[in-house]
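Working notes, beginning with the structure itself.
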Amino acid sequence: MEPTAPLAAPIPQLPLVQQDSWLAPFEPVLRQRQARLAARLAEIEQYHGSLDAYATAHQQLGLHYDGRRRGFRYREWAPGAEALYLVGDFNGWDRQANPLQRLDYGVWEIFLPDKDYKNRLVHNSKYKVHVVSANGAQDRLPATARRVVQDDYTKDYAAQVWRPATAFAWTDQKFRVAGAVKEPFIYEAHVGMATEESRVGLYREFADNILPRIEADGYNCVQLMAVMEHPYYGSFGYHVANFFAPSSRFGTPEELKYLVNEAHRRGIAVLLDVVHSHAVKNQAEGLADFDGSGNLYFHKGERGNHPGWDSKLFDYGRPEVQQFLLSNLRYWLEEFHFDGFRFDGVTSMLYHHHGEGVAFVGYDQYFGPGADEDAILYLQLATTLVHEFKKGALLVAEDMSGLPGLCRPIAEGGIGFDYRLAMGIPDFWIKLLKHTPDEGWNLGDLWHVLTNRRQGEKTVAYAESHDQALVGDKTLAQWLFDDGIYYHMQVADPDPNAARALALHKIIRLVTLTAGGEAYLDFIGNEFGHPEWVDFPREGNGWSYQHARRQWSLADNPDLKFHFLGAFDKALIHLAKARHVLAAGPAQLLHHDEENKVLAFARGPLVVVVNLHVTESQPDYRFWVPKEGRYRVALSSDSSQFGGFDRPDEHYIYETYEQHLRLYLPTRVALVLALA
């Protein structure tokens, strides 16, 4: 009798599927994504040696000085073009003087030796590339231009040679993201609007004036918006034209490096708000139809146009586009020492429909034909590259679809991000304030929104971000104070509506931080209830900077209630950091009393109890706690130093009886308790 061949051992389920059995029918898709990534990485390693080495398109393309050959070399990828010419002030903008030669794979090249151009092609020289195609001829900005400047008179953009005599001297060699950021407390900021004056703020001003505020407030990450060059200031930096150029409107590349270096000196990590989900459609400033083929960096035809953003969509399946975008990530990490990225518009990348008008109600939507597998492969390559290139780098995804595994390691079946934004939390707060009277707030709904997140995937909780601050919407402070934010903010003003707004603003931020995620985010100025929305200079507002700035003097004025909100935010952040609240695991519901509007929960070593009743205080309120002992008030939203009324005695020690606490809970107060 023939011996029976041993049965092959069953392949174990992916960890992602083990944790969520609803994913079992889609495990083949997850494994197919892993296999496709492995095959692409093997291909890259075969021809380029490593993923790091592959992500160097910016070193091969563009204008670079070659010290060995003594001159400038310029290369551009434009396979559909008929001819390319380098033009600039160095040749009197003569569009025929310096033709490029076509090489293999659609790359064009020219070399400009020092013997002919040493005194003409110099630091600050301006240049472009003149592209001739079947569709005509046009001056374009090089795809990997590292500095782009706008003429004050003509408003025309040109690339600029940037070779300062002295290289920037970094002093951040000892900075480590993992050491500085145990749990991320992220301060989302825009350099241009960070000044109180009615103008564009500068990198160096932000470093010298705003970073000290961020450090003092306890935030350990700053997330910079609008750094990648964009022609329209009012786009908030989301219509990028020049992916390798830090915006010159805020200063020089060295001044951006100074900002990052100074942040590192203060123990603050710096994240770049990177936009790889789309690009500006402008041809004069951007990449659209660069070589006249209609399909170079972007998809051809309507697939290359975003239906809602009036912008262009990358062809993630094209190897040269993958390389361009991966090189872009390496460039910002290497050249400017950024510590990671917040990826904008990930939902738009993940699906062919870009999330436009789609409600995600079933798992088949994540893994069916609507998923853009090319974009998913690119994102897996991107997270792999960033984590390999910079140990401890942070990757945050802006996704509203809730894709399972987005923030799980690729080996487990995920995409590889570290955190996702809890976009439902700020939406919930705005809808609540907009549509529901205070007495109608449902604590069950509130608790569900704050805690409803995928197990094992870290979330950035936030009460509001730049999305809620933009003109057309209102910040939490505006919804709460209404016009009282202009008329009743004097400390001595007893206006009851302002008192209600002050109390709820503090409670909203406290419960969002303590229950909402494994990281926390605030948008610049919202921590002190900045009184106005954000509206950049545009034709509709007379090109005014009135709303594209931050009024720090309001936060610094002890006679105004704004400083109460700022002081509370600072105390809250410092307490959460000291007690490692964000790393403590999910919040545990202890008590839910819908009638009396009382909610109590534990997070790590802290107990949070909130009375949201409009009129009723609770003189002797009893609820269960997980640990026996003596408790003291670690933070009270009703403290007079935060604009409250000092109703609970913060010095009183509360002792448990049969594992219950009894507290005086005034109306609209949140208390954080800790074992004494």
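Source: prediction; values computed, not measured. Along the sequence shown, residues carry numbers from 1.
- From R213, atom CZ reaches atom OH of Y187 across 8.0 Å, with rounding to the nearest 0.5 Å.
- In terms of the salt bridge (Lys or Arg N to Asp or Glu O under 4.0 Å) criterion, D315 has no residue partners (sequence neighbours excluded).
- Closest of all the heavy-atom pairs between P319 and R40 is CB-NH2, 3.6 Å.
- Summarising the geometry of A194 relative to I210, their closest heavy-atom pair is O-CD1, 3.5 Å, with the distance given to 0.1 Å.
- Residues A57 and S327 come closest through the heavy atom pair N-OG, 2.8 Å.
- A perpendicular orientation is assigned to the rings of F168 and W170, their planes being inclined by more than 60° (bins at 30° and 60°).
- Between C407 atom SG and I415 atom CD1 the span is 9.5 Å, to the nearest 0.5 Å.
- Aromatic ring orientation, F536 versus Y233: perpendicular (interplanar angle above 60°, classes split at 30° and 60°).
- Aromatic rings from F314 and F243 are positioned such that their centres are separated by under 6.0 Å.
- The shortest heavy-atom contact between W429 and T512 is NE1-OG1, 2.9 Å.
- For Y219 and F185, the ring centers are positioned 6.0 Å apart or more.
- For the salt bridge (Lys or Arg N to Asp or Glu O under 4.0 Å) test, residues two or more places apart in sequence or in another chain that qualify with K390 are D339.
- A cation-pi arrangement is found for R204 relative to Y258, the charged atom lying closer than 6.0 Å to the ring centre and inside a 45° cone about the ring normal.
- Ring pair H354/H278: centre-to-centre distance not below 6.0 Å.
- For the residue pair D399 and T347, a side-chain donor N or O sits within less than 3.5 Å of a side-chain acceptor on the partner.
- Minimum interatomic distance between A279 and S311 (heavy atoms only, all atoms of both residues): O-CB, 3.1 Å.
- A cation-pi arrangement is absent between R73 and Y65 under the rule of less than 6.0 angstrom and at most 45 degrees off the ring axis.
- Closest of all the heavy-atom pairs between W332 and F244 is CZ2-C, 4.1 Å.
- Applying the side-chain contact (heavy atoms from CB on, under 4.5 Å) test between L403 and each of F360, Y351, F417 identifies Y351 as the sole match.
- To the nearest 0.5 Å, atom CD of residue E183 and atom OH of residue Y520 are 15.0 Å apart.
- With rounding to the nearest 0.5 angstrom, the CG atom of L224 is 10.0 Å from the NE2 atom of H190.
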